Amino acid sequence: MENKVRFYNTLTRTVETVIPHEDGKIAMYTCGPTVYHFAHIGNLRSYIMEDVLEKTLRYVGYDVKRVMNITDVGHLSSDADTGEDKMLSGAKREHKTVMEIAKFYTDAFFEDCRKLNIRTPDVVEPATNCIQEFIHMIEVLLEKGYAYTAGGNVYFDTSKLDDYYVFSSQSEKELLVGVRDDVEEDVNKRNKNDFVLWFTKSKFEDQALKWESPWGTGYPGWHIECSCISLKHLGEYMDIHCGGVDNIFPHHTNEIAQSESYLGHRWCGYWFHVNHLNDKSGKMSKSKGGFLTVSLLQENGYDPLVYRMFCLQSHYRKPLEFSYEVLDNMSAAYAKLIRRIAELPDEGEMDETAAAAYRARFSDALCSDLNTSMALTVVYDLLKEETNGRTKRALLAEFDQVLSLNLLTAQTAAETAPAVDAELEAYVEEKIKERKAAKKEKDFAKADAIREELAQKGIVIKDTREGTVWEVQG
RNA sequence: GGCGACUUAGCCAAGUGGUAAGGCGUGGGACUGCAACUCCCUGAUCGUCGGUUCAAAUCCGUCAGUCGCCUCCA
């Protein structure tokens, strides 16, 4: 039953069944955040979908070990040695040290993840913890002839590989360097796609983080960290490597080049890439600025889980366009869903026949290239199913292990309303009593006046079958 | 210029050869003094043109549009 999770493998460009290197276990790696600024909701889309993948694997019975790095050094705005380090510019912007910046934004990242019910990976490793490992790998690459030094830096020699462009059918000839105006070409490179493994030449006035190395004092290139950190914690064979589609080239391409050259054998068999969240003007990007964060959504009154649901109702390989209109749509859908579930009576005998059928449908949806939209449909179908509330609740709790939408534990609007003091409560209860009397005497004008009076104070009343209820509008 | 993805009702979206799931919204109805909640009903032939096939949203080709990558990016 385990070997049935299928998803699109960027390496083979087909949907494949995952067959792990070690039976029953999955070694999974995720490129973590660059902690020079807040993660925006587009970044978080990837982490949400990867979270669903991880939980799906666990749901069907795999023992998953997941590792994530934190890029706290070496991420230049350009791969030439003239680019400014993003950590450094973040520190300058906020008048803090690089380490303070890293700490602050790492914490902020995991706080966002917590709000979105994204599980923290089993291992989280900052790049700055692994400098010795980076140096070791670079030494081996130099020994094996896959790397060379030039102009003070160490470069990976892409011409030593038969198949550098593993993810596409592009050839070196077809790739243009400098199609964008702002890219500076590094004259030290032997081949246009060679990339830096170690920098010693730094033009930054205050490069805060530097380490001794056989090539001089300096700092690592961007790609080396993911190779080393994954090897350190997951060993020589990794099953699934995840990230956003924009990492396919050059980052993941370079990781493969380094890792397989270092190891001398095939490294990772399955590559899972999540497509971008766009807004009307195109890709939401950290470097473009003006991006949306989870905190901003909350300030605008949205439950972060509404955003999670927004992501789940789409497919991870499709570009998804963000708009407040669609988020409002989802907000209504989520509130309604939670309310319906909250009303399910916890009664009856567990209906095993129905449960088995729904379990099968649910896991089939997720195992079919992570069809989260279909998984949500299974939830809706279950709510409509002719079976008892206890069975539905039990299944929903189970499905929520993967969906993580707080299906049963989310609070309805009434429950999240601000607390009211006793005085206000007495006042409202009195008014409701007055209104009830007015209604009894068919004095609807007075009844409506009382309702309006309360509404002015932000109190909304509703006549339900069980009597009049009220809540303070948050 | 090269590579790649996407295009299904007002919006989101499933569906990979046999005559279109689901959600939100809209409209109508039931309930309610009214309203809200809830419940019921309500909608598309699948970007264009052409081909393959007994049969295509589903396969092939074409055109168009949108988006992404090509050393900042999830």
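Below, read A as the first sequence line, B as the second, and so on, with proteins coming before strands; counting in each chain starts at 1. For clarity, every value in this text was computed on a predicted model and none was experimentally measured. Any value given below was found using the heavy atoms of this structure, including those in side chains, with hydrogens, waters and symmetry copies removed.
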Sugar-phosphate only, base, or nothing, as touched by Lys384(A) at under 4.0 Å among non-hydrogen atoms
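Result for Lys384(A) = sugar-phosphate.
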Under 4.0 Å between any heavy atoms, over every strand shown, what does His273(A) touch: base, sugar-phosphate, or nothing? Just pick one.
nothing
Pairing partner of G68(B) (Watson-Crick or G-U wobble, both distances under 3.5 Å)
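Pair assignment: G68(B) / C3(B).
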Answer for the Watson-Crick or wobble partner of U53(B), both distances under 3.5 Å, is none
Between [options], spot the one nearest the side chain of [X], thanks.
| X | options | result |
| --- | --- | --- |
| Asn278(A) | C70(B), A14(B), G68(B) | G68(B) |
| Thr377(A) | U71(B), G22(B), G23(B) | G22(B) |
| Ala447(A) | G33(B), G4(B), C6(B) | G33(B) |
| Trp222(A) | A5(B), C34(B), C73(B) | C73(B) |

What integer number of Å spans the P atoms of G22(B) and A44(B)?
14 Å
Please give the distance between the P atoms of G47(B) and C11(B) as a whole number of Å.
14 Å
Is the base of C34(B) touched by the side chain of Arg451(A) through a donor-acceptor pair closer than 3.5 angstrom?
yes
Between Asp448(A) and Arg435(A), does any NZ, NE, NH1 or NH2 come within less than 4.0 Å of an OD or OE carboxylate oxygen?
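Salt bridge between Arg435(A) and Asp448(A), a charged N being under 4.0 Å from a carboxylate O: no.
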Would you say the side-chain atoms of Asp239(A) and Tyr29(A) include a donor-acceptor pair closer than 3.5 Å?
no
